Number of protein chains: 2
Amino acid sequence: MNISMKLELAASQLESLGNPTRLRLYRALVRAGVDGLPVGGLQQKLNIPASTLSHHCRKLIDAGLVTQERNGTTLICRANYKAMSSLIGYLADECCADGACEERRETAEA
Amino acid sequence: MNISMKLELAASQLESLGNPTRLRLYRALVRAGVDGLPVGGLQQKLNIPASTLSHHCRKLIDAGLVTQERNGTTLICRANYKAMSSLIGYLADECCADGACEERRETAEA
DNA sequence: TAGTAATTTCGATAAAACCAGAAGTATGGA
DNA sequence: TCCATACTTCTGGTTTTATCGAAATTACTA
């Protein structure tokens, strides 16, 4: 994966998390852990119409941050921790909060 | 800061980074380190019209991810590492990539 | 094979984001 | 004071996004 693909992917993931409802959705899934939550469970927690919720789920799924698995008539949603890890890695990359940036400057281009 | 303010802040920061141009902008600033970059320098790097760039800068500033300091007629932009650190902290919070989520489940609400 | 529960897709609307040229503002220098 | 540079704000038009009711779909269950 080249550098601009990474950037595009990261941007799409950030965008998908950059909506308060979707961020709540995602965090509910993180809290739910490995069991995940059915769409209906999410709907109760978030208190929004089913169609709206479905759209938000789709966005997070398209961004790769959430997965779904069918179990009978219900769809279980789970946070994709791996995707979040690499997103965090991407954000933390070259981020030098301690001010020790001098020796690292101009080491990459995008 | 209460929990829903935190979520709103995080969402606005994620949204501001969730645009490919702004993400490139932000990363250019990270790479520039403590010296930062003037708006004009960013414009050269990103190759976009000044007014468009100005809008993107404003979004990142409003979200608290970028700061500006005037130096004569030029405005120096810098990445706000502290804000990024806490955003990453917020994202990593309760994220249990290793699957060790069992004992942590349902410890928070938002 | 109806019937039902769970969820998605469709369709329509309002709100917001994005973009860029033109005009305006701030600052330092001649 | 006048000019040039570096940006920002204004203005407008186009494209996305967010929302949600209604209709359709999927998969159990009787």
Side-chain angles (χ1 to χ4, degrees), chain A residues 4 7-29 32 35-79, chain B residues 4 7-29 32 35-79:
Chain A
S4 92
L7 186 131
E8 292 291 332
L9 174 62
S12 84
Q13 293 179 332
L14 290 164
E15 195 215 319
S16 77
L17 291 170
N19 170 283
T21 301
R22 282 196 296 272
L23 188 52
R24 287 209 300 145
L25 194 170
Y26 179 79
R27 285 173 69 82
L29 291 182
D35 293 347
L37 277 176
V39 176
L42 282 167
Q43 196 189 347
Q44 285 193 328
K45 274 196 193 292
L46 302 179
N47 201 33
I48 57 176
S51 64
T52 302
L53 174 57
S54 188
H55 284 303
H56 285 312
C57 283
R58 170 100 341 251
K59 274 233 167 180
L60 288 165
I61 291 166
D62 288 346
L65 288 167
V66 165
T67 61
Q68 273 185 343
E69 179 194 2
R70 186 171 278 281
N71 187 348
T73 58
T74 78
L75 278 170
I76 306 296
C77 303
R78 293 193 183 83
Chain B
S4 93
L7 186 130
E8 291 291 331
L9 174 62
S12 85
Q13 293 178 330
L14 290 164
E15 195 214 319
S16 77
L17 291 170
N19 170 283
T21 301
R22 281 195 297 270
L23 188 52
R24 286 209 300 144
L25 194 171
Y26 179 79
R27 287 172 68 82
L29 291 183
D35 293 347
L37 278 175
V39 176
L42 283 167
Q43 197 188 346
Q44 284 194 328
K45 273 196 193 294
L46 302 178
N47 203 33
I48 57 177
S51 64
T52 302
L53 174 57
S54 189
H55 283 303
H56 285 313
C57 283
R58 169 95 350 242
K59 273 231 167 185
L60 287 164
I61 291 165
D62 287 347
L65 288 167
V66 165
T67 61
Q68 271 185 344
E69 179 194 1
R70 184 171 282 279
N71 186 351
T73 58
T74 78
L75 277 170
I76 306 297
C77 303
R78 293 193 183 83

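Chain naming here is simple, since letters A, B, ... match the order of the sequence lines and numbering starts at 1 in each. None of the values given here were measured: they were computed from a predicted structure. These numbers come from the heavy atoms of this one structure, side chains and all, not from hydrogens, waters or symmetry mates.
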Could you tell me if the side chain of A/Val39 sits less than 4.5 Å from the side chain of A/Ser54, heavy atoms only?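 Heavy-atom side-chain distance check fails, nothing below 4.5 Å.
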For [X] and [N], what is the distance between atoms [atom1] and [atom2] respectively, to the nearest whole Å?
{"X": "A/Leu60", "N": "D/dA18", "atom1": "CG", "atom2": "P", "answer": "11 Å"}
{"X": "B/Leu46", "N": "C/dC18", "atom1": "CG", "atom2": "P", "answer": "15 Å"}
{"X": "A/Ile61", "N": "C/dT8", "atom1": "CD1", "atom2": "C1'", "answer": "11 Å"}
{"X": "A/Gln43", "N": "D/dC20", "atom1": "CD", "atom2": "P", "answer": "11 Å"}
{"X": "A/Glu69", "N": "C/dA6", "atom1": "CD", "atom2": "P", "answer": "18 Å"}
{"X": "B/Leu53", "N": "C/dC18", "atom1": "CG", "atom2": "C1'", "answer": "14 Å"}
{"X": "A/Leu37", "N": "C/dA6", "atom1": "CG", "atom2": "P", "answer": "15 Å"}
{"X": "B/Leu23", "N": "C/dC18", "atom1": "CG", "atom2": "C1'", "answer": "17 Å"}

On DNA chain D, does the nearest nucleotide to B/Val39 precede the nearest nucleotide to A/His56 from the 5' side, or the other way round? Give the residue.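 So the residue in question is B/Val39.
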Between D/dT8 and B/Gln68, is there an OP1 or OP2 to side-chain N/O distance shorter than 4.0 Å?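 Checking B/Gln68 against D/dT8: at least one side-chain N or O falls below 4.0 Å of OP1 or OP2.
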Does D/dA18 have OP1 or OP2 sitting under 4.0 Å from an N or O in the side chain of A/Thr52?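 For D/dA18, neither OP1 nor OP2 has a side-chain N or O of A/Thr52 closer than 4.0 Å.
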Shortest non-hydrogen contact from A/Ala79 toward A/Leu29: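 That would be N-CB, 3.9 Å.
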Search all heavy atoms of A/Arg24 against all heavy atoms of B/Leu7 and return the closest pair with its distance.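 Closest approach of A/Arg24 to B/Leu7: CG-CD1, 3.4 Å.
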Applying the side chain to side chain contact (heavy atoms under 4.5 Å, CB included) test to B/His56, which of B/Val66, B/Leu42, B/Thr21 qualifies?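 Passing option: B/Thr21.
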Residues from residues 70-77 of chain B sitting under 4.0 Å of DNA chain C, heavy atoms only?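 Those residues whose heavy atoms fall under 4.0 Å from DNA chain C, taken from residues 70-77 of chain B in numerical order, are B/Arg70, B/Gly72, B/Thr73.
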Collect all protein-nucleotide pairs involving nucleotides 10-17 of chain D in which both atoms are nitrogen or oxygen and the distance is under 3.5 Å.
from, atom 1, to, atom 2, distance (Å)
D/dT17, OP1, A/Glu15, OE2, 3.4

Going by salt bridge (charged side-chain N to carboxylate O under 4.0 Å, His left out), name the pairs with one or both residues in residues 63-77 of chain A, residues two or more places apart or in two chains.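 Qualifying pairs, neighbours excluded: A/Glu69-A/Arg78.
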